[in-house]
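Remarks on the structure that follows.
One-based numbering along the sequence shown. Counting convention: from 1, in listed order, for ligands and their atoms alike.
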Amino acid sequence: MSCSSSSGSDEDDEGFDSYRKGGYHAVRVADHFAAGRYIAQRKLGWGQFSTVWLAYDTHTSSYVALKIQKSAPEFVQAALHEISVLSSIADGDPSNSKCVAQLIDHFKHTGPNGQHLCMVLEFLGDSLLRLIKYNHYKGLPLNKVREICKCILIGLDYLHRELGIIHSDLKPENILLFSTIDHSKDPCRSGLSPILERPEGNINVGVTSLIEKRLKRRARRAVAKISLKRDSIGGAGEPPKSARNIDEIDVRCKIVDFGNACWADKPLAEEIQTRQYRAPEVILKAGYSFSVDMWSFACIAFELATGDMMFTPKGGGQGFSEDEDHLALMMELLGKMPRKIATAGAQSKDFFDRHGDLKRIRRLKFWPLDKLLIDRYKFSEKDASEFSEFLLPLLDFAAENRPTAQQCLQHPWLNCKESTPNEMRNESSVEKVNIGVSNLKIKVGK
Ligand code: ADP
Ligand code: MG
């Protein structure tokens, strides 16, 4: 199964079409699972393979996350694999201190769409993607970025060094805070009692809420269009949104979603990782190991600090593919890929000539990381150089040269205290337009 398709976007819903035989299980509030042990409370999220619900565990009187897999055989297979990975993760971490979500239980649930494997995980809060959005894509204060990075690295060090597991789909959606950003949404803190019986008149909350969400979204889009128009003709529009108080948010976090994880000695798929977080050796099909997670980690750290994804390749219609654009963007930021590495993959010939130059994208516009941080993101020179020194080794084209999570944990950047306050960086309004660097490229050939 292709791993790259496993990303549940935060914005869109999971779609009705997948509520059919072999697909998702439709859940209603107060539905019972595992002979009544777990009671569904509300939907927390979803992915290509599953929906995830907040559930009340009547045995322990606590809240858990219930991940209900689609029922078709390939999803069952994937869930069995995920359960085996999660079990070894839980077995090796009895004190639950390694920044990886803990599996509590698993069982089968039969519904109209088939038999679904269900995983019960400790309940966690919002994803880093939500945190980035909450902060209006402004970039978090560097002390917060540091704290988050430490947690991710503790998790990765555990997975890589102690268990031999590659996550292979590390991205902001798959890292969850310990608690919700909005405390009123935290079932433990909100003080509300759990829902144990079906609310009256509730026909099918899972699906009706989907309809409502769609209608709301349509309305939001219409409003957005109108205000965009107004802005462009010089109207007042909305006041610029400023960053909220991020300092009070507890940013301790854990790695989740082991649906694509594998043991390093038994790689599952050739194409792994979600596009923007994909390492160059995966694109080139040159083999991979733990260091693919380190690449994604660096992309995440950049995104946390700037609010922008590090690489957003675009393909199609411009004479080059998304893969080639991606490789070009990497080189524009990191310098030319050494010829030996560029030409070593099974897919290399699609992109590179024998000199190690891209075939279709010729004129690269180099913009080194520290300069980018200063010019576009208004970092101080000190912050930019320290942060680049932390990130660049992780983005080494030679995968074997990237530091391990364990080495990375020793890096001075993680332990330095001072940095330019966030307000200072963000005051000068940084244009949040994704400048497609690929626009500047010269096409060659046909
Ligand atoms: P998939 O493999 O289908 O992508 P994930 O494991 O990534 O499924 O879960 C999908 C979404 O559900 C996550 O992005 C997150 O929003 C939510 N979620 C997953 N696990 C938990 C958890 N333990 N606590 C709270 N929310 C969770
Ligand atoms: Mg996921």
Side-chain angles (χ1 to χ4, degrees), residues 1-15 18-19 23-25 27 38 40-57 62-72 74-86 89-90 96 98-106 116-134 151 155 167-182 185-189 206 252-262 268-269 272-277 296 300:
M1 207 173 306
S2 164
C3 301
S4 52
S5 60
S6 68
S7 59
S9 136
D10 202 50
E11 201 113 52
D12 298 316
D13 55 49
E14 69 273 32
S18 300
Y19 282 95
Y24 296 121
H25 174 64
V27 176
Y38 306 104
Q41 306 288 306
R42 65 177 161 87
K43 198 169 74 187
L44 291 170
W46 63 280
Q48 293 294 311
F49 295 15
S50 67
T51 55
V52 178
W53 280 72
L54 174 70
Y56 185 69
D57 181 348
S62 61
Y63 290 96
V64 293
L66 181 61
K67 178 165 174 169
I68 308 164
Q69 194 83 346
K70 287 179 177 174
S71 62
E74 66 268 30
F75 301 114
V76 172
Q77 209 47 48
L80 285 171
H81 173 77
E82 186 169 0
I83 289 167
S84 76
V85 172
L86 284 167
I89 289 171
N96 193 4
K98 308 280 192 178
C99 299
V100 181
Q102 286 259 327
L103 182 72
I104 297 167
D105 188 12
H106 60 91
H116 306 261
L117 273 173
C118 300
M119 290 160 248
V120 181
L121 296 146
E122 64 177 311
F123 167 60
L124 295 163
D126 291 301
S127 72
L128 293 188
L129 182 61
R130 289 252 178 89
L131 180 65
I132 292 167
K133 286 185 183 171
Y134 178 82
C151 289
H167 183 283
S168 69
D169 195 18
L170 217 59
K171 56 180 170 177
E173 290 102 298
N174 285 339
I175 298 163
L176 304 186
L177 299 175
F178 279 21
S179 38
T180 50
I181 298 170
D182 178 354
K185 291 209 176 116
D186 182 327
C188 312
R189 292 188 209 223
R252 287 174 302 161
C253 53
K254 290 194 172 200
I255 302 173
V256 301
D257 193 355
F258 290 83
N260 302 299
C262 67
L268 284 178
I272 54 164
Q273 306 181 302
T274 297
R275 164 57 72 186
Q276 293 85 353
Y277 308 89
S296 308
I300 296 170

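Of the candidates Leu124, Leu103, Val64, Leu124 brings a heavy atom nearest to atom 25 (C) of ligand 1.
Side-chain contact between Phe75 and Ser50 is absent, with no heavy atoms from C-beta onward closer than 4.5 Å. Looking at heavy atoms from C-beta onward, Thr51 lies in side-chain contact with Tyr19 at the 4.5 angstrom threshold. Contact of the Met119 side chain with the Leu103 side chain is registered, since non-hydrogen atoms from C-beta on lie closer than 4.5 Å.
Note: Tyr38 OH to Ile104 CD1 = 7.0 Å, rounded to the nearest 0.5 Å.
For ligand 1, the atoms closer than 4.0 angstrom to any heavy atom of Gln48 are 3 (O). Using a 4.0 Å cut-off to heavy atoms of Val52, the atoms of ligand 1 that qualify are 9 (O), 10 (C), 12 (O), 18 (N), 19 (C), 27 (C). Contact atoms of ligand 1 toward Glu173: 14 (O) (distance under 4.0 Å to a heavy atom of the residue). When each atom of ligand 1 is checked for a heavy atom of Lys67 under 4.0 Å away, the hits are 1 (P), 2 (O), 5 (P), 6 (O), 8 (O). Heavy-atom contacts of Asn174 reach the following atoms of ligand 1: 7 (O) (cutoff under 4.0 Å). Within the listing of ligand 1, atoms 18 (N), 20 (N), 21 (C), 22 (C), 24 (N), 25 (C), 26 (N), 27 (C) sit less than 4.0 angstrom from a heavy atom of Leu176. For ligand 1, the atoms closer than 4.0 angstrom to any heavy atom of Ser50 are 1 (P), 3 (O), 8 (O).
Between the side chain of Ser168 and the backbone N or O of Asn260 there is at least one donor-acceptor pair closer than 3.5 Å.
Thr274 and Asp169 share a donor-acceptor pair across their side chains, judged by distance under 3.5 Å alone.
Ring geometry for His25 against His116 counts as tilted: the plane angle lies between 30° and 60°, on a 0 to 90° scale.
Here Asp257 meets the criterion, with an N, O or S atom under 2.8 Å of the Mg ion (ligand 2).
Lys133 has no carboxylate O lying under 4.0 Å from a charged side-chain N of Asp126, or vice versa, which leaves the two without a salt bridge.
Remark: distances from the non-hydrogen atoms of Ala65 to ligand 1 include one below 4.0 Å.
Here Val256 has no heavy atoms under 4.0 Å from ligand 1, in either its backbone or its side chain.
An N or O contact shorter than 3.5 Å is missing between Glu82 and ligand 1 by distance.
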